[in-house]
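The structure displayed is predicted, hence computed values, not measured ones. Convention: sequence-line order gives letters A, B, ...; per-chain numbering from 1.
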Amino acid sequence: MSDPFALDEDPTPAPFTPARGAVAAPVSMGPPPAWITSLNAEQREAVETTEGPVLVLSGAGTGKTRVLTARLANILAKGLAKPWQVLSVTFTNRAAREMRERVSALVGPVAEALWLGTFHAIGVRILRRHAEAVGLKSNFTILDSDDQLRLLKQVMEADSIDSKKWPAQGLMGVIQRWKDRGLTPDKVTAGEKSEFAAGRALALYSAYQDRLKQLNAADFGDLLLHGLTIFQSQPEVLAQYQDQFRYILVDEYQDTNVAQYLWLRLLSQKQKNLCCVGDDDQSIYSWRGAEVGNILRFEKDFPNAKVIRLESNYRSTPTILAAASHLIAHNEDRLGKTLRTGRDGIEDGEQIEVRGVWDGAEEARWVVEEIEGLQRRGQKLNNVAILVRAGFQMLEFEERLIQTGVPYRVIGGPRFYERLEIRDALAYLRLINQPDDDLAFERIVNKPKRGIGESTVQKLHVLARAQNVPLMEATLRMIETDELRPQVRSTLRDLMASFARWRTMRETLPLTELTALVLEDAGYLEMWKNDKSPEAPGRLDNLREFATGLSEWDSLAGFLDHVSLVMENEANAADEAVSLMTLHGAKGLEFDAVFLPGWEEEIFPNRRALDENGQAALEEERRLAYVGITRARQRVFISFAANRRVFAQWQSSLPSRFIDELPKENVRLQSDAGQFGNRGFSEGWQSMTAKWGNAAPGGFSSQRRPPVVDTKWEVVPRESQGGIDIGDRVFHQKFGYGIVTAVDDCKLEINFEKAGVKRVMDSFVTLAH
DNA sequence: CGTATATATCTTTTT
DNA sequence: GATATATACG
């Protein structure tokens with residue numbers, strides 16, 4: 001471990017060889033390459049200002065990725081640094097992958113040797129080399145949030161804290177926030193004490209960290225936090241990295257948290273060649289500890305920093321830009337930036353479609369119909385996306401897309417590695433890789449059923465704690481005693497022997513075969529073969545797929561890292577398909593046409609977010625809306641439903657306030673009159689929108705003239721919905737009969753006979769007699 | 001020790 | 001409506 005920078009980990013040939021003709025020799029003469037000359041003045045400045053701190057404020061669609069890749073290519077092509085002397089951090093694996101591909105296209109395979117990856121991936125790479133400095137072994141396990149939660153529950157139980165009153169999830173949040181801010185237990189000050197468990201959160205945090213060390217494991221936050229600790233406690237290690245990284249680039253800087261900021265600042269302190277690219281209007285991760293303030297702090301910490309603004313948008317039509325700008329202007333807390341179109345003589349483009357529908361199914365039907373319409377006019381489905389606020393909204397669209405046979409892919413959906421059978425298989429592999437992994441041990445001791453019940457595991461726990469050893473070691477000791485029933489004892493002995501055998505085979509057998517053998521030997525495959533449930537065959541398929549996929553890996557440790565860090569499924573982008581994903585997942589992407597369903601109060605802006613964080617959360621939700629709109633090059637379709645099923649219950653909903661915040665002249669509002677039978681939905685919806693629009697400050701209804709409904713707009717007489725009072729018996733299409741218990745302007749609270757208490761717009765009910 | 005039934009909680013967003 | 005945990009019973 002003498003030289004952490006030994007080249008053996010850098011798969012680069014020692015001499016720097018430029019790509020096949022792509023780039024001239026280092027310190028090139030002659031005209032600059034096309035990927036520089038094709039940039040506009042600001043972009044070019046951002047690329048060519050290589051020395052000193054640079055902050056690039058780049059609005060949506062202003063060519064941010066282009067600048068980043070050109071900057072990397074420029075540094076390499078000019079020979080300012082070797083690829084392994086350049087550190088480039090992103091937030092998502094997808095962004096990292098894309099950047100590597102694009103830099104490779106410019107400068108060739110040398111790009112492979114760049115330190116390019118997510119904060120977490122880079123963090124792991126560094127931590128594996130210096131694990132001992134924080135009490136871990138180099139082969140430590142990375143825990144996912146599931147393991148993390150189980151571990152926290154154990155820690156709480158050991159401290160006999162009532163998990164009913166204090167859910168472990170809450171503690172996880174508290175600890176995560178501390179870690180996001182770079183606080184190890186010893187740095188949490190008295191003033192930071194959390195409410196959790198009557199102020200015992202800090203003690204629990206401490207205990208949790210101790211347990212992690214025992215398990216030789218780290219959670220996500222640790223990947224960076226430990227790095228910080230190492231840098232702060234071992235100046236010589238820090239100095240090595242400071243010398244190594246001559247240039248540092250950061251993507252999506254607005255989403256860095258304090259820990260990441262400190263990490264960056266330490267690493268760049270010496271050379272000060274730090275380039276951060278971000279957009280405060282696209283900051284959508286404050287719930288994960290992101291601090292937009294890091295953008296402001298940048299200029300303070302690096303007083304001579306050059307600030308470059310990219311405001312020319314090359315992506316969207318002027319209509320879309322205008323709508324997005326108008327919406328985001330409702331935020332008070334922003335640096336202020338004007339996006340203008342970067343292309344001359346471009347047409348305004350189609351108006352934004354806003355559509356109100358009856359319920360979620362209707363919405364899905366409309367969206368897919370529109371998609372088919374676009375497709376008929378030659379639109380490639382790869383360039384169409386449906387962006388939802390939250391994962392649960394995807395289901396309805398999936399169903400409809402399947403029904404109609406429109407191909408789609410879910411991005412960031414239910415993850416392969418999170419399936420139960422895959423997690424079981426992974427637990428076996430983890431235990432082979434790292435015998436201290438008690439969480440994995442507990443998961444599989446009795447899977448398949450071996451007659452090892454809770455009481456046996458308890459005995460093992462007691463011994464493990466008494467002797468301060470991992471469960472696997474405790475088991476080995478226990479089977480030497482006669483404390484266990486003979487049958488249990490021999491089962492465990494067999495299991496331990498199996499693991500010993502597998503561990504020796506690990507060296508010689510390819511991973512695919514090793515996995516197949518382990519699962520077969522353990523009886524795990526047998527278990528699913530005998531399972532009569534309908535999903536069992538699918539699980540076996542998944543396990544087969546899992547084993548096959550392992551053939552790409554030659555090291556078990558490397559694969560396990562991949563699983564922990566790159567939880568996403570590799571989408572087969574080759575096929576033409578509509579993308580379905582969350583708004584968060586869509587950041588950094590662009591499409592010709594974008595569908596934004598579910599623009600309803602409670603859903604978007606999300607109520608829980610508002611409950612927790614009030615005004616700040618509202619602004620973040622609005623930024624999310626801004627991100628959604630600005631993903632589109634040509635068309636934006638926004639929709640909202642009057643009724644939605646949440647859990648198993650129907651709820652009525654109001655259009656999102658964000659709809660009101662769109663500029664009237666760029667919007668085409670549609671409501672299909674007559675489509676809802678004669679019960680007058682469209683009438684009700686019009687009156688609802690009109691009234692609600694009037695009530696909302698800055699609303700558009702008073703000014704705008706939508707083609708479809710405008711004429712009836714102001715005409716709907718107030719009395720037509722009025723006349724309903726407390727105590728009236730009313731009828732609602734979905735909820736049935738009920739009694740009105742409260743009236744708040746046009747909103748009613750009704751106690752339905754079947755559906756319980758609901759809040760409903762008055763226009764959706766009729767008086768019953 | 002294993003299985004069956006009841007129940008509570010879940011749906012904000014991700015590495 | 002689905003899944004994970006709690007409880008009772010065999």
Side-chain angles (χ1 to χ4, degrees), chain A residues 89-96 117-124 142-146 148-150 153 163-164 167-169 173 176 179-180 218-225 252 255-257 259-260 282-290 387-396 411-415 417-420 445-458 484-485 487-488 491 535 561-568 581-588 598 602-613 617 620-621 623-625 627-628 644-649 651:
Chain A
V89 271
T90 62
F91 271 82
T92 63
N93 294 294
R94 197 184 49 220
T118 61
F119 274 103
H120 294 87
I122 306 266
V124 171
I142 303 167
L143 298 187
D144 62 25
S145 50
D146 224 71
Q148 209 182 328
L149 199 61
R150 276 194 298 149
K153 278 181 190 160
S163 65
K164 285 259 161 46
Q169 212 121 28
Q176 227 153 53
K179 289 189 173 181
D180 285 342
D219 68 18
F220 264 99
D222 285 340
L223 300 181
L224 269 161
L225 195 59
E252 308 284 12
D255 287 330
T256 49
N257 59 37
Q260 289 159 338
Q282 293 186 65
S283 159
I284 53 176
Y285 282 102
S286 74
W287 52 274
R288 213 175 76 188
L387 309 181
V388 295
R389 172 67 243 265
F392 72 90
Q393 293 171 264
M394 291 190 190
L395 198 68
E396 243 159 350
I411 298 184
R415 289 149 186 208
Y417 295 125
E418 280 173 10
R419 287 164 212 250
L420 148 143
V445 250
N446 203 29
K447 254 183 224 175
K449 300 240 173 350
R450 299 186 174 94
I452 315 284
E454 211 172 321
S455 61
T456 308
V457 175
Q458 272 315 315
L484 298 167
R485 294 211 319 272
Q487 192 170 355
V488 174
T491 307
E535 55 269 18
D561 269 3
H562 168 81
V563 171
S564 314
L565 297 169
V566 191
M567 282 292 251
E568 66 192 86
M581 66 184 104
T582 63
L583 284 161
H584 283 87
K587 197 169 66 158
E602 312 275 283
I603 290 184
F604 190 38
N606 178 279
R607 201 189 94 218
R608 288 172 77 109
L610 261 46
D611 284 351
E612 273 167 40
N613 268 319
E620 179 146 323
E621 295 286 303
R623 290 194 291 272
L624 209 43
V627 167
R644 205 168 276 284
R645 194 161 45 185
V646 182
F647 306 131
Q649 291 209 312
Q651 262 173 32

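Atom P of nucleotide B:dG2 and atom CD1 of A:I452 are separated by 8 Å, given to the nearest angstrom. Distance A:Q169 CD to B:dT11 C1': 12 Å, rounded to the nearest Å. Between the NZ atom of A:K587 and the C1' atom of B:dT14 there is a distance of 10 Å, given to the nearest Å. Taking atom CZ of A:R623 as the reference point, atom C1' of B:dT13 lies 13 Å away to the nearest angstrom. Remark: P of B:dT13 and CD1 of A:I411 are 16 Å apart, rounded to the nearest angstrom. Distance, A:N606 CG to B:dT11 C1': 8 Å, rounded to whole Å. Straight-line distance from the CG atom of A:D561 to the C1' atom of B:dT15: 13 Å, rounded to whole Å. In this structure, A:D219 atom CG and B:dT14 atom C1' are separated by 14 Å, rounded to whole Å.
Using a 4.0 Å heavy-atom cutoff across all strands shown, A:N257 reaches no nucleic acid atom at all. Backbone-only engagement by A:F91 is indicated by non-hydrogen atom pairs under 4.0 Å involving sugar-phosphate atoms exclusively. Nucleic acid contact class of A:Y285 (heavy atoms, under 4.0 Å, all strands): sugar-phosphate only. Among the atoms of the strands shown, none is found under 4.0 Å from any heavy atom of A:S145.
If A:H120 and A:R485 are placed on DNA chain B by their nearest nucleotide, the residue sitting closer to the 5' end is A:R485. Summary of the strand contacts: A:R288 and A:R450 both lie near DNA chain B, and taking for each the nucleotide with the nearest heavy atom, the more 5' one is attributed to A:R450.
Shown are A:L223, A:T256, A:N257; of these, the side-chain contact (heavy atoms from CB on, under 4.5 Å) with A:F119 is made only by A:T256.
Across every non-hydrogen atom of A:L225 and A:K179, the tightest pair is CD2-CG, 3.7 Å.
With A:E621 contributing its side chain and A:N606 its backbone, the two residues share a donor-acceptor pair below 3.5 Å.
A heavy-atom distance below 4.5 Å is not found between the side chains of A:R645 and A:E396. The side-chain heavy atoms of A:E620 and A:W287, taken from C-beta on, include a pair separated by under 4.5 Å. Inter-residue side-chain proximity for A:H120 and A:I142 is flagged as unmet; no heavy-atom pair is nearer than 4.5 Å. Put simply, the side chain of A:F91 reaches to within 4.5 Å of the side chain of A:R288, judged on heavy atoms. In this structure the side chain of A:Q282 never reaches within 4.5 angstrom of the side chain of A:D255, judged on heavy atoms.
Distances were taken from every side-chain heavy atom of A:T92 (C-beta onward) to each of B:dT3, B:dT13, B:dT15; the shortest belongs to B:dT15. Taking every side-chain heavy atom of A:K449 into account, B:dG2 is the closest of B:dT14, B:dG2, B:dT15. Here B:dC1 is the nucleotide among B:dT15, B:dT13, B:dC1 with the atom lying nearest to any side-chain atom of A:T456. The side chain of A:F392 lies closest to B:dT11, out of B:dT14, B:dT15, B:dT11.
Distances shorter than 4.0 Å separate some side-chain N or O of A:S455 from OP1 or OP2 on B:dC1.
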*Would you mind building the protein contact string for nucleotides 2-10 of chain C? One character per nucleotide, 5' to 3', B for base within reach (heavy atoms under 4.0 Å), S for sugar-phosphate only, - for untouched.*
---S-----

